[in-house]
Each structure stands twice: as structure tokens, then as C-alpha cells.
Amino acid sequence: MARILLALMCLSGWSYSTCLQYHYVADQKTWTEAQTYCRQTYADLATIGNKEQNDQLLDTITSAGQSSEVWMGLYSTIDWRWSDGFSGVGANYSNWRSDQPDFNAAHDLCVAVRNVWSDELCSSKRHVVCYNGSQLDPNVFFVNSSETWPVAQKYCRENYVDLVTVTNIKVVKKIYSETGGSQVWIGLHRPPNFFWSDGSNFTFSNWDFVHNNLNSMKVICAVTSSTMWGKWKFLSCEEKLPFVCYSMPHAYRLQLKITSGNSALDLNDPAVKKDLLKKLEERLKSKEERKVTLKWRNQQDGKVFKKLHTVVDSNGPEDCNGDYV
Ligand SMILES: *[C@@H]1O[C@H](CO)[C@@H](O)[C@H](O)[C@H]1NC(C)=O
Ligand SMILES: *[C@@H]1O[C@H](CO)[C@@H](O)[C@H](O)[C@H]1NC(C)=O
Ligand SMILES: *[C@@H]1O[C@H](CO)[C@@H](O)[C@H](O)[C@H]1NC(C)=O
Ligand SMILES: *[C@@H]1O[C@H](CO)[C@@H](O)[C@H](O)[C@H]1NC(C)=O
């Protein structure tokens with residue numbers, strides 16, 4: 001790859017920190033409205049990356065005198081799938097118990113069946129029903145030993161086709177007549193799909209041990225409160241609640257002018273941008289003790305860089321007199 005010559009980087013007010021600042025907003029909004037407000041006014045809805053930040057957010061709502069639930073930036077999408085990947089007619093057949101799926105403590109991602117269905121902890125042990133033959137009219141096989149869902153899946157795949165897929169009431173009845181009503185794993189499960197509004201990785205959680213009734217919702221949004229001791233749970237994103245935004249008080253938007261000796265070099269090439277960011281971070285690392293994170297910011301045309309001059313003065317730009325790194 002072409003070598004990049006960094007002629008000069010002009011920085012003003014260079015200062016930064018990894019600390020977030022939380023802002024309680026009393027207006028009652030749906031989760032999406034709250035997100036829009038936070039993005040316009042601060043950085044985004046609150047992201048919580050560790051216990052210290054969770055305590056800090058709890059302090060923020062407590063000092064604001066807010067004791068009921070507030071939105072934060074976490075949401076989850078509900079995407080049920082069959083273990084064998086079946087997605088044809090009947091793939092969305094269901095037979096939930098009236099109080100299910102309840103996503104207890106935000107942990108239950110696998111489905112067990114007696115005569116009606118409930119979502120359960122995938123690591124808990126249940127008897128198993130495997131199938132072979134067709135999905136719409138399967139041969140079902142009861143496995144008389146208690147296994148976790150992943151072990152049950154592996155066993156069924158090795159010995160039959162897969163965990164049973166249930167597409168109609170006939171299959172429900174077939175299963176019941178084999179199992180005599182003991183609770184069994186079927187092939188239905190879903191990925192956890194936890195996301196922060198600002199795109200941060202989901203690494204820390206602080207679930208409340210309560211039911212999070214999913215009904216037929218496709219997306220659910222997280223709340224916390226001081227009466228829950230800062231624990232989290234999910235509600236319908238359409239509820240209107242106060243919320244917490246965050247800002248990065250010491251994050252700065254910097255403009256960068258780059259002089260390249262190679263006029264054919266496309267600075268908007270993802271590989272070039274990545275390389276450039278790495279070089280800048282290395283330079284900062286050698287100058288600063290604290291951690292610095294750099295990100296490119298797209299302009300309105302969706303690109304990071306705009307070409308200013310085609311012909312570059314070999315002495316570099318001279319209209320820059322700030323500190324530079
Ligand atoms: C199942 O999916 C079909 C489309 O594949 C849709 O028309 C139908 O409404 C869905 N049924 C339920 C109960 O969600
Ligand atoms: C299903 O499995 C049973 C028991 O292993 C076997 O006898 C039968 O031939 C299989 N049927 C199909 C359609 O694979
Ligand atoms: C499962 O096995 C136990 C003993 O291991 C037996 O008592 C029980 O009847 C079996 N259940 C079925 C449905 O075969
Ligand atoms: C987020 O997680 C992915 C996958 O584990 C990892 O590759 C990536 O580096 C993480 N990003 C940050 C900012 O930690």
C-alpha cells in the first residue's frame with residue numbers, strides 16, 4: 001500500500017477522557033423519541049459499560065429525585081428460529097402458555113414443551129424430542145435423559161435429523177403421546193441480540209430477576225430505576241418514560257488536513273482510512289499516557305475526506321498554527 005505522508009495535523013483544545021457524563025431528562029418519550037432527543041442534544045441514550053458507570057447512572061437518577069423507570073440505550077430484537085433452519089409455512093406456529101414467553105431475568109432463550117410452550121434457560125436440563133423424516137409430518141423420537149439444549153441439539157443431529165420442529169397441532173399431539181407430558185426441549189430458540197443504541201459492544205449486564213413478558217413484540221427496550229437498585233429489565237419500546245442520555249465531555253471533534261505525496265491515493269478507501277487511524281493512534285500513544293480512541297466521522301456525503309487541492313505544495317499547508325502531534 002502507498003505510504004502516507006502526514007504533513008500536519010492541526011488540533012485545537014486537545015483534551016480527552018474515557019469518562020461519560022449522564023443526563024436525566026424528565027420528558028416522557030417512547031424509546032425511539034428519547035433516542036432522537038439524546039442524539040440531538042448529547043451523544044446518545046445512556047450506554048453502560050461497567051459497574052462504575054451503572055452506579056454513576058443510578059446516582060444521576062437518584063439525585064434527580066426519579067424513582068420510577070427510565071429508558072437507557074439498550075434494546076433487544078426477538079428472533080425465534082428453528083434448530084434445523086426451517087422457515088416455510090408453519091415456521092411461526094406457536095403454542096405458548098398464556099404467561100409465556102416471559103424471558104425470565106433476560107436469560108431464557110430456548111423453548112421447552114409440556115403440552116404448551118415456555119421459554120427456559122438453555123443450560124437447564126430437560127428431556128429431548130428429536131425428529132427425522134419431513135418437518136410437516138415428522139417421526140418424533142423421545143430421548144429419555146435430561147440434557148441442556150445445546151447437548152440435546154448435538155445428540156439429535158448426530159442420531160436423527162435435528163431437535164423437533166413444530167409446525168402444526170398434529171406434531172404437538174405426536175410429541176405429547178411420546179413424552180406422556182414430561183417437559184422436553186424442541187428446536188425453537190433465539191440469539192440474545194442485545195444492542196446498545198450507540199453501537200457499543202454489549203459486555204456488562206445487570207439484569208433484574210423478573211419476567212420480561214415478550215408477547216408478540218419484535219423489539220424490547222431496557223429500563224432501570226432506583227427502586228430496582230439499578231437493575232435492568234425490558235418493556236415495550238412504545239411506553240412513554242423519562243430517560244437518561246450520555247455525553248462525552250472530553251471528546252473532541254477534530255479536523256484533519258492531510259497532504260499526500262501520491263495524488264492517486266484515495267483517502268476514502270477503507271484500507272487507507274484504517275491504516276491512517278492506526279498510525280495516528282500510534283503517534284498519540286507515544287505522546288500521551290492515557291488511552292485515546294479515534295474514530296472517523298462521515299461528512300454529509302457519507303465520505304470522510306474531501307479533496308481540497310489537487311496540486312500540493314511540497315512545503316505542506318501553512319495556514320495551520322495550532323498545536324500539532
Ligand atoms: C406467519 O408468517 C406469515 C408469513 O410467512 C404471516 O403471514 C403470518 O401472519 C404469520 N403468523 C403469525 C401467527 O405470526
Ligand atoms: C428415522 O429413524 C429411525 C430410527 O433410527 C429409522 O428406523 C428410520 O428409518 C428413520 N427414518 C427416516 C425417514 O430417516
Ligand atoms: C424414562 O426412564 C425411566 C427410568 O430410567 C422410566 O422409569 C420411565 O418410564 C421412562 N420414561 C419413558 C416415557 O419412557
Ligand atoms: C466488539 O466485539 C467484537 C467481537 O467480539 C470485537 O471484534 C471488537 O473488537 C469489539 N469492539 C470493541 C470496541 O471493543
Side-chain angles (χ1 to χ4, degrees), residues 75-195 201-203 205 207 209-220 234 236:
Y75 67 100
S76 178
T77 54
I78 312 300
D79 178 20
W80 292 109
R81 299 168 183 189
W82 291 104
S83 177
D84 65 358
F86 181 73
S87 61
V89 176
N92 58 6
Y93 176 82
S94 70
N95 194 27
W96 296 109
R97 203 168 76 201
S98 60
D99 60 345
Q100 298 285 332
D102 68 0
F103 198 21
N104 194 27
H107 285 142
D108 299 350
L109 298 168
C110 292
V111 176
V113 169
R114 197 179 300 274
N115 47 352
V116 283
W117 303 5
S118 55
D119 59 349
E120 307 283 342
L121 200 58
C122 301
S123 58
S124 65
K125 292 189 170 184
R126 298 282 184 284
H127 289 126
V128 183
V129 174
C130 309
Y131 86 95
N132 71 9
S134 81
Q135 282 133 330
L136 295 178
D137 189 18
N139 306 311
V140 303
F141 300 91
F142 175 63
V143 181
N144 193 3
S145 83
S146 286
E147 306 297 347
T148 65
W149 192 92
V151 170
Q153 182 190 48
K154 186 163 177 282
Y155 177 86
C156 290
R157 286 178 173 178
E158 280 168 6
N159 294 281
Y160 301 95
V161 170
D162 210 322
L163 276 162
V164 68
T165 292
V166 185
T167 56
N168 57 64
I169 186 75
K170 267 176 24 200
V171 186
V172 176
K173 286 181 174 160
K174 252 187 203 178
I175 293 171
Y176 194 80
S177 73
E178 288 293 317
T179 60
S182 69
Q183 201 179 29
V184 292
W185 287 129
I186 59 172
L188 200 60
H189 69 119
R190 62 186 179 88
N193 286 354
F194 296 126
F195 306 106
N201 275 355
F202 179 76
T203 49
S205 65
W207 305 119
F209 283 89
V210 295
H211 296 179
N212 295 284
N213 289 309
L214 302 180
N215 304 314
S216 54
M217 286 184 281
K218 294 277 179 247
V219 51
I220 49 179
F234 286 106
S236 159

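Atoms within a ligand are numbered from 1 in the order they appear, just like the ligands themselves. This chain uses plain numbering: 1 for the first residue, then up along the sequence.
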Are Trp117 and Trp80, when compared by the centres of their aromatic rings, separated by less than 6.0 Å? no
Just one of Phe195, Phe194, Tyr75 clears the ring pair (Phe, Tyr, Trp, His ring centres under 6.0 Å) bar with Phe202, so which one? Phe194
Give a yes or no on whether the backbone of His211 and the side-chain of Asp102 come within a donor-acceptor separation of less than 3.5 Å. no
Nearest protein heavy atom with distance in Å, relative to atom 1 (C) of ligand 2: Asn132 ND2, 1.4 Å
Considering distance alone, does some N or O of Tyr160 sit under 3.5 Å from an N or O of ligand 2? no
For the atom pair CD (Glu120) and NZ (Lys125), what is the distance rounded to the nearest 0.5 Å? 15.5 Å
Please tell me if atom 11 (N) of ligand 2 is touched by the protein, where touching means a protein heavy-atom distance below 4.0 Å. yes
